[in-house]
Amino acid sequence: MKYTQLGRTGLKVSRLVLGTMNFGPQTDEADSHSIMDAALDAGINFFDTANVYGWGENKGRTEEIIGNWFAKGDGRRDRTVLATKVYGNMAADGDAWPNHDKLSALNIRRAVDASLKRLQTDYIDVYQFHHVDRRTPFEEIWQAIDTLVTQGKILYVGSSNFPGYKIAQANEIAARRGGTIGLVSEQCLYNLAERRAEMEVIPAAQEYGLGVIPWSPLHGGLLGGVIKKEVEGGRRAGGRAADSLANTTIRAQIQAYEDLLDKHGVEPGEAALAWLLTRPGVTGPIVGPRTAEQLDSALRAVELELSDELLTGLDEIFPGPGPSPEAFAW
């Protein structure tokens, strides 16, 4: 496994991030534990979760599965850089009592303690804001965070799904307060087929020293060889990938992508991950395996070297917006 620093921090993390969103809803606890063991054995030390994972009436279940894994001991917690998130409504029926969601100081305090209990740990390495809270000022948010850092409950803070201007605002206010390190990472939607983050989010992250952690690196499976699987095994795409392939323009684009990779002898899903690892500012993409086989495929991507010819071909199929601000200024 290869490692890098998380943004401007001294924290060293793996170039792949283990996403746990499937643990509980799609992968049972025993298999989830096996995947985490395999990931740790392979050198993945950065695990990502959220308090709402498990979804619906099972919100919090994913954190519980991870906590039970930590409780097995054998250095699991000490070897893991643990990231979780706060913001979501934790009520099973979606009808949150006032102050039981978003980023008020009260909810942050409550949510941290609840996550620590489910995770069976006394600290969280990277505590992430899952979404922008337009009603809560960053002065209040940072005051709450400073208290939690002083208490030893969290070490670093990251954002998720933040626009560039909010990354700037958060860190400028942190700097004015003094003594607050501010955001150190941004978790955003970013992949070959969805490159809008290159316009503002990634430039802002680089300017303020945040590590970029892309989620949905295969764009809901669209970049994982869906057409090839459909032809060879009769396995039709589902969900967002199926909706996208119904568009003839997108289907032609994905066919060109798969044809290019077939020419170079590279598996589509591995190429999509390897491409992200070449992008400036990217710490590592989040991979959310449902099976051990999917984890093995992701691990191969770390060692995959993409030729200049292949990278050029990928840019031709999936052109990015171009440098900012030129891409939108003229």
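Predicted model, so just to flag it, every value in this text is computed and none were measured.
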Picking from Thr20, Leu40, Thr27, what satisfies side chain to side chain contact (heavy atoms under 4.5 Å, CB included) with Ile35?
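Of Thr20, Leu40, Thr27, side chain to side chain contact (heavy atoms under 4.5 Å, CB included) with Ile35 is met by Thr27 alone.
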With no hydrogens and no angle check, is any side-chain donor or acceptor of [X] less than 3.5 Å from a backbone partner on [Y]?
X      : Y      : answer
Arg15  : Val282 : yes
His219 : Ala241 : no
Arg195 : Leu192 : no
Gln294 : Arg290 : yes
Lys153 : Asp113 : no
Thr4   : Thr283 : no
Asp133 : Arg135 : yes
Asn191 : Ser216 : yes
Glu140 : Ala105 : yes
Thr9   : Gln5   : no

Tell me whether [X] is salt-bridged to [Y], with the criterion being a basic N under 4.0 Å from an acidic carboxylate O.
X     : Y      : answer
Lys85 : Asp48  : yes
Arg77 : Asp125 : yes
Glu29 : Arg61  : yes

Taking atom [atom1] of [X] and atom [atom2] of [Y], what is their separation to the nearest 0.5 Å?
X      : Y      : atom1 : atom2 : answer
Leu245 : Gln253 : CG    : CD    : 10.5 Å
Met199 : Glu326 : CE    : CD    : 10.5 Å
Asp315 : Leu310 : CG    : CG    : 10.0 Å
Arg251 : Ile227 : CZ    : CD1   : 4.5 Å
Ser324 : Ile202 : OG    : CD1   : 11.0 Å
Leu273 : Ile286 : CG    : CD1   : 11.5 Å

Are a donor atom and an acceptor atom from the side chains of Glu64 and Asn68 found within less than 3.5 Å of each other?
no
Is the charged tip of Arg8 near the ring of Tyr208: under 6.0 Å from the six-membered ring centre and within 45° of its axis?
no
Taking [atom1] in [X] as the centre, count heavy atoms belonging to other residues, nucleotides or ligands within less than 6.0 Å. Is the count above 12?
X      : atom1 : result
Asp308 : CG    : no
Glu305 : CD    : no
Arg279 : CZ    : yes
Lys2   : NZ    : yes
Lys12  : NZ    : no
Arg196 : CZ    : no
Gln26  : CD    : yes

Please assess Glu139 against Ile173 for the test side-chain contact (heavy atoms from CB on, under 4.5 Å), listing each intermediate value before the final yes or no.
CA-CA 7 Å; Glu139 289 84 356; Ile173 291 174; 3.9 Å; yes
Let me see the working for Lys228 and Glu267 under salt bridge (charged side-chain N to carboxylate O under 4.0 Å, His left out), right down to the final yes or no.
CA-CA 10 Å; Lys228 181 180 179 181; Glu267 289 297 320; 3.8 Å; yes
Can [Y] be reached from [X] by stepping across I, L, V, M, F, W or Y side chains whose heavy atoms are under 4.5 Å apart?
X      : Y      : answer
Phe162 : Trp215 : no
Val81  : Phe70  : no
Val112 : Ile181 : no

What's the verdict on side-chain contact (heavy atoms from CB on, under 4.5 Å) for Val226 and Glu230, showing C-alpha distance, side-chain angles and the deciding distance?
CA-CA 6 Å; Val226 288; Glu230 184 179 284; over 6 Å; no
Please examine the side chains of [Y] and [X], heavy atoms only from C-beta on, and report whether any two atoms are closer than 4.5 Å.
X      : Y      : value
Cys188 : Val212 : yes
Ile250 : Leu222 : yes
Phe129 : Val86  : yes
Pro280 : Gln206 : yes
Met21  : Thr62  : no
Tyr156 : Leu6   : no

Can you list the steps and then say if Thr180 with Asp146 is a side chain to side chain donor-acceptor pair (under 3.5 Å)?
CA-CA 7 Å; Thr180 299; Asp146 288 347; 2.8 Å; yes
Pair Asn161, Val132 - check side-chain contact (heavy atoms from CB on, under 4.5 Å), show working.
CA-CA 7 Å; Asn161 306 305; Val132 169; over 6 Å; no
Can you tell me which residue among Thr121, Thr49, Thr84, Asn51 is in a side chain to side chain donor-acceptor pair (under 3.5 Å) with Glu63?
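Option passing the side chain to side chain donor-acceptor pair (under 3.5 Å) with Glu63: Thr84.
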Check the orientation of His131 and Tyr87. Use parallel for under 30°, tilted for 30 to 60°, and perpendicular for over 60°.
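Because their plane-to-plane angle lies in the 30° to 60° range, the rings of His131 and Tyr87 count as tilted.
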Test Phe47 against every option in Tyr53, Trp69, Phe23 by the ring pair (Phe, Tyr, Trp, His ring centres under 6.0 Å) rule and name the one that passes.
Trp69
Could you walk me through whether Ser307 and His264 pass the side-chain contact (heavy atoms from CB on, under 4.5 Å) test, one step at a time?
CA-CA 9 Å; Ser307 68; His264 286 266; 4.0 Å; yes
